[in-house]
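First the proteins, then the strands, lettered A, B, ... as listed; each starts at 1.
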Amino acid sequence: MSGTDQGAFSIPAMGRAYDVDTIERKWQRRWLDEGTYEVDNDDPRPPFYALCMYPYPSGSAHQGHVRNYTFGDLVVRHQTMLGRGVLSPFGFDSFGLPAENAAIKTGTHPRIFTDARIAELKESLIRLGAVYDWRREVRSHDPEYMRWTQAIFLRLLQAGLAYRANAPVNWCPGCQTVLANEQVLADGTCERSGDLVVKRDLEQWFLRITAYADELLEALDSLEWPERVKTMQRNWIGRSEGAEFDLPVVGRDGRDGRPALALRVFTTRPDTSFGMTYAVVAPEHPILDELTTSDRRAAVEELRRRVAGETDIERMASADGGKALDKRGAFTGSSVMNPFTGEPVPVYVADYVLMGYGTGAIMAVPAEDERDWAFAEAYGLPIVRTVQPPADWESLGGRAYSGEGLKINSGFLNGLDVASAKVEALAFLESKGLGTATVNYRLRDWLVSRQRFWGCPIPIVHCPEHGAVPVPEDQLPVLAPDDVEFLPTGQSPLALHQGFLKTTCPIDGGPAERETDTMDTFVDSSWYFLRFCDPFSADVPFDPAAAVHWMPVDQYIGGIEHAILHLLYARFFTRALIDVGLAPGLEREPFRRLFTQGIIRMDGTKMSKSKGNLVTPSRYFETVGADGLRLFHLFVGPPGDSFEWTDQTDQVIEGCGRFLDRIWRLMSDDQRVTRSGEQTPADLAIRRATHRAVAQVTSDLDRWSYNTAVAHCMELVNELAGYTRGDQPPHADVLDEAFDALLLVMAPMTPHVTAELWEARHGAGSPLHAQSWPSFDPELVVEETVTLVVQVNGKVRDRLEVSPTITEDDAIGLALGSDKAREALGGAEPTRVVARPPRLVNLVI
RNA sequence: GCCCGGAUGGCGGAAUCGGUAGACGCGGAGGCCUCAAAAGCCUCUGUCCGAAAGGGCGUGCGGGUUCGAGUCCCGCUCCGGGCACCA
């Protein structure tokens, strides 16, 4: 940011009408120095919180950043012009694996690596002209921020929302750490490294997000979010209503006629219970040992061993995926009683039943479940339909039928539809004391511990006497030591650092060891938007009053890739913080409106550093400037759609620069002769075009239609270009009004060049960024004349210029009088006339 | 397999409530300016027939509703995304 302020001596870049670089840097400097977009918590204007998802600092901004922050900056400047006190903070999600991997490779400490990249990214954001209240900057790895991340963790622990448990977890060999379920892709690979994730049994820390499953699901309805994001969250939470009930194990009668052993199953279809012809337990189910008879033990053990050694993806490979169906399960030797029929059915163990969902055991109803059908076929088990399928179901090759229909073969349920049969079946189970209605979720608790160095340490001490003991709050933050070696061993350096590891128990002062796991970086990003409201407090994570003032975020902007992970965690965290008393009075949803911008593709795949197909923004700063590049991103298409970066893209960007040049020349023509006095129809036409442009851009910005907003500005410029080279000189007042309006509506899009032109017109005393959004005169927005389309049988035959207030009768009269229409009618009389004045008359014969 | 999006000129896209399809830009053609070029400015540019006037066709495909459909309904095709043994 130095050595470029050459002022009047500077020369425009090749072919440019103005000195892009000098002008842009001048304004960027000014916004920073004057703190133009800093906002205090007691600002009297109505609050507006605009936020872009804080980024992982990966160095200079790439096109994805430019796109994201162009939209965000437009919102900030637009809302400011609308009179809001806009909170526009910025920060960095600065913990994460790339820095640690770089440390292993180069020996540089992750903090040095990270701080350097933050500096680069910050500089390129400033060069883009994106404005923030930098006083509020937050970095995840800042000890002040870590202190509160840790304090919050301890509060959650205290409230029972954090806990430690041994569980089969997802281990990524590439990242050398465990992953949350959300970080494992559908094909069983790690979302970061792409390595195949394996299961390991480990002691890990969890956050109890499942306690909020219902609320997180139901509250989605009230959010102004893209429907597709809400659908993804609904699916992820995966609520399903059903019943849980016991199947008594045959031959294990206890006292009083109660079974000594029972298998508890979960089903969403209790109505199909009469069709249960076998039951299945998961290979990991603890009851399996008891169920397995000695003659079946070898087969059961073999299956169990095989499944234990498999990855999720191998386990999921079904019959057509290569695995023979008859290898998928084994008979346990035991039977359970179907309480509906009173008949015993065999119990199998099979890999298609998962221990982690429901009760880990199912009643199998092959007739109404495709998976059970396939298994029953392979093992020769009976299939009994309990819902009458459509007449042609079987003749069309239909197998399991899970649709609507009337109950058959189902005793007291016969003749009922599915819904009422569910109710009756449940009533039966409850009256017999066998089971209850239950709700199951796909959502699991959030595994937050990571075996990595570059994250926020979990503030726990392990004492041989007292177990896991929280580090007292006045000793926070727990910081990782700097004198560590980064070795590619897969071991966290923390676990090897005796100085860090060895400590004393906060309770008895005896020797103890520190927890060496760090937190998932999604913990850091789950509350940064709250810290932004009040990053100054030293005794609380944030002042609740400040949070209540700014929250919820009025407009959140980010990538669709966070549809589940970050957005779900942050919704959970906000609620948890309220419930543990850290944010009294706060609204429970953090992000009122969400916008997800489209990704940039190149050669068919996402443009990204890891794909190595970046087109860096810096080269465009030198040619068309930040304004030109911003204008391109706004203009290229709907902000929510992805677009393909092609060979033609440079030409479109160049076109955007050309458009700004045109405005510059239009407004800085000091040879221009103008006139005053009486206004002509041509003058009025320009006034109308001006007011219409303001009206259109106002509405375009409201509905995120930035591409048409730019188009409407271009239309006005085209009009003005014609006007200024017309037969007579332009009217000074008309031109002034048009120029000012254009600069005002373009100010949020291309802030530098508009600020410079505004300053030339109005002096340095009333800068553009201090102006209000322009209004328009609705009477001038209405067209002077409109085109009346005359159709014959729905085909356009003539176009007539008419007054916009033309009556229906006059419109019909004109249409019937049209030569072209009469010709098309061929002498016939219309049998019907549809008139929609002033736009259309349709003559029907 | 299931659930969401989407498909409009050579290209990106516009058409906000069922009423002029193709705004705006890119690319292309021609012209002005110039010794010449660059830059800039102007005109044209969906497609077919036609010298023109004019006309036919046209929003992925096939039907339907309507005076009128890019827009609504039914059935497909292709592309993109999400989910996928969740009982």
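Across all strands shown, B/G12 pairs with B/C24; the Watson-Crick or G-U wobble distances both stay below 3.5 Å. Figure legend. B/C2 is base-paired to B/G82; pairs are counted as Watson-Crick or G-U wobble with both atom distances under 3.5 Å. A 3.5 Å limit on both hydrogen-bonding distances identifies B/G46 as the Watson-Crick or G-U partner of B/C57. With a 3.5 Å ceiling on both atom-pair distances, the Watson-Crick or G-U wobble partner of B/C32 is B/G40. The partner of B/G68 is absent, by the rule that a Watson-Crick or G-U pair needs both atom distances under 3.5 Å. Pair assignment for B/A7 gives B/U77, based on Watson-Crick or G-U wobble hydrogen-bonding distances that are each under 3.5 Å.
Distances from the side chain of A/R797 to the nucleotides B/C26, B/G55, B/C83 place B/G55 closest. Counting only heavy atoms from C-beta on, A/V844 has its side chain closest to B/C67 among B/C67, B/C42, B/G13. Closest to the A/S240 side chain, of the nucleotides B/G12, B/G27, B/A87, is B/A87. Listed candidates were B/G19, B/C42, B/A14. Nearest to the side chain of A/T708 is B/A14. In the set B/C42, B/A14, B/A84, B/C42 carries the atom at the smallest distance from any side-chain atom of A/R725. Listed nucleotides B/G19, B/C11, B/C42 differ in distance to A/Q648; the shortest reach to its side chain belongs to B/C11. Considering only side-chain atoms of A/V789, the nucleotide from B/U20, B/C3, B/A23 that sits closest is B/U20. Distance from the side chain of A/A711 is smallest to B/C24 among B/G81, B/C24, B/A87. Set against B/C67, B/A84, B/G27, the side chain of A/Q651 has B/G27 as its closest nucleotide. Here B/A14 is the nucleotide among B/U16, B/C26, B/A14 with the atom lying nearest to any side-chain atom of A/N707.
With a glycosidic angle more than 90° from 0, B/C26 adopts the anti conformation. Classified by its glycosidic torsion, B/G9 falls in the syn category, the angle being within 90° of 0.
Contacts of A/T267 with the nucleic acid, taken as non-hydrogen atoms under 4.0 Å apart, involve only primed sugar atoms and P, OP1 or OP2. A/V280 comes within contact range of no nucleotide atom at all, as no heavy-atom separation falls under 4.0 Å. Residue-level contact check: A/E370 touches neither bases nor backbone, having no heavy atom under 4.0 Å from any strand. At the heavy-atom level, A/V636 lies under 4.0 Å from the strands shown only through sugar-phosphate atoms.
Side-chain contact between A/L800 and A/T787 is absent, with no heavy-atom pair separated by less than 4.5 Å.
Separating the CG atom of A/N718 from the P atom of B/C44 is a distance of 12 Å, rounded to the nearest angstrom. Regarding A/D650, its CG atom lies at a distance of 15 Å from the C1' atom of B/C11, rounded to whole Å. Between A/D700 atom CG and B/C24 atom C1' the separation is 11 Å, expressed in whole Å. Spacing between atom CZ of A/R839 and atom P of B/G19 amounts to 11 Å, rounded to whole angstrom units. Distance A/R658 CZ to B/C41 C1': 13 Å, rounded to the nearest Å. As rounded to whole Å, 12 Å separates atom P of B/G25 from atom CD1 of A/I663. Atom CG of A/D647 is separated from atom P of B/G12 by 13 Å (rounded to the nearest Å). Between the P atom of B/A84 and the CE atom of A/M232 lies a distance of 10 Å, rounded to the nearest Å.
Looking at A/N235, its side chain has no donor and acceptor atom pair within 3.5 Å of the base of B/C83. In the interface, the side chain of A/R836 is paired with the base of B/G19 through a donor and an acceptor atom under 3.5 Å apart.
Checking the phosphate oxygens (OP1, OP2) of B/A84, a side-chain nitrogen or oxygen of A/R442 falls inside 4.0 Å. For the pair A/R662 and B/C41, the criterion of a side-chain N or O lying under 4.0 Å from OP1 or OP2 is met. Residue A/K820 has no polar side-chain atom (N or O) positioned under 4.0 Å from OP1 or OP2 of B/G55.
Rounded to a whole angstrom, the distance from the P atom of B/G70 to that of B/U59 is 7 Å. Rounded to whole Å, the separation between the C1' atoms of B/G55 and B/A7 comes to 30 Å. Here, B/G5 and B/U43 have their C1' atoms 41 Å apart, quoted to the whole Å. For B/A23 and B/C3, the P atoms lie 38 Å apart once the distance is rounded to whole Å. Comparing the P positions of B/C73 and B/C4 gives a spacing of 13 Å, expressed to the nearest Å. Distance check on atom C1': B/U65 versus B/G13 gives 30 Å, rounded to whole Å. Distance check on atom C1': B/G58 versus B/A69 gives 14 Å, rounded to whole Å. One P atom belongs to B/G60, the other to B/A51, and the distance between them is 32 Å to the nearest Å.
Of the two residues contacting RNA chain B, namely A/V786 and A/R601, the nearest-nucleotide position lying further toward the 5' end is that of A/V786. Remark on RNA chain B: of its neighbouring residues A/R832 and A/N440, the 5'-side contact belongs to A/R832, judged by nearest-heavy-atom nucleotide.
Proximity of a side-chain donor or acceptor of A/R839 to a complementary backbone N or O of A/L788 within less than 3.5 Å is not detected. With hydrogens and angles disregarded, no donor-acceptor distance shorter than 3.5 Å links the side chain of A/D351 to the backbone of A/V307. With A/D372 contributing its side chain and A/A364 its backbone, the two residues share no donor-acceptor pair below 3.5 Å.
Using a 4.0 Å cut-off between charged nitrogen and carboxylate oxygen, A/D819 and A/R822 count as a salt-bridge pair. Between A/D221 and A/R234, at least one side-chain nitrogen of the basic residue sits less than 4.0 Å from a carboxylate oxygen of the acidic one, meeting the salt-bridge criterion. By the 4.0 Å N-to-carboxylate-O rule, A/E622 lies too far from A/R16 to be salt-bridged with it.
No side-chain donor from either of A/T750 and A/D627 sits under 3.5 Å from a side-chain acceptor of the other. A donor-acceptor contact under 3.5 angstrom links the side chains of A/H633 and A/Q63, judged on distance only.
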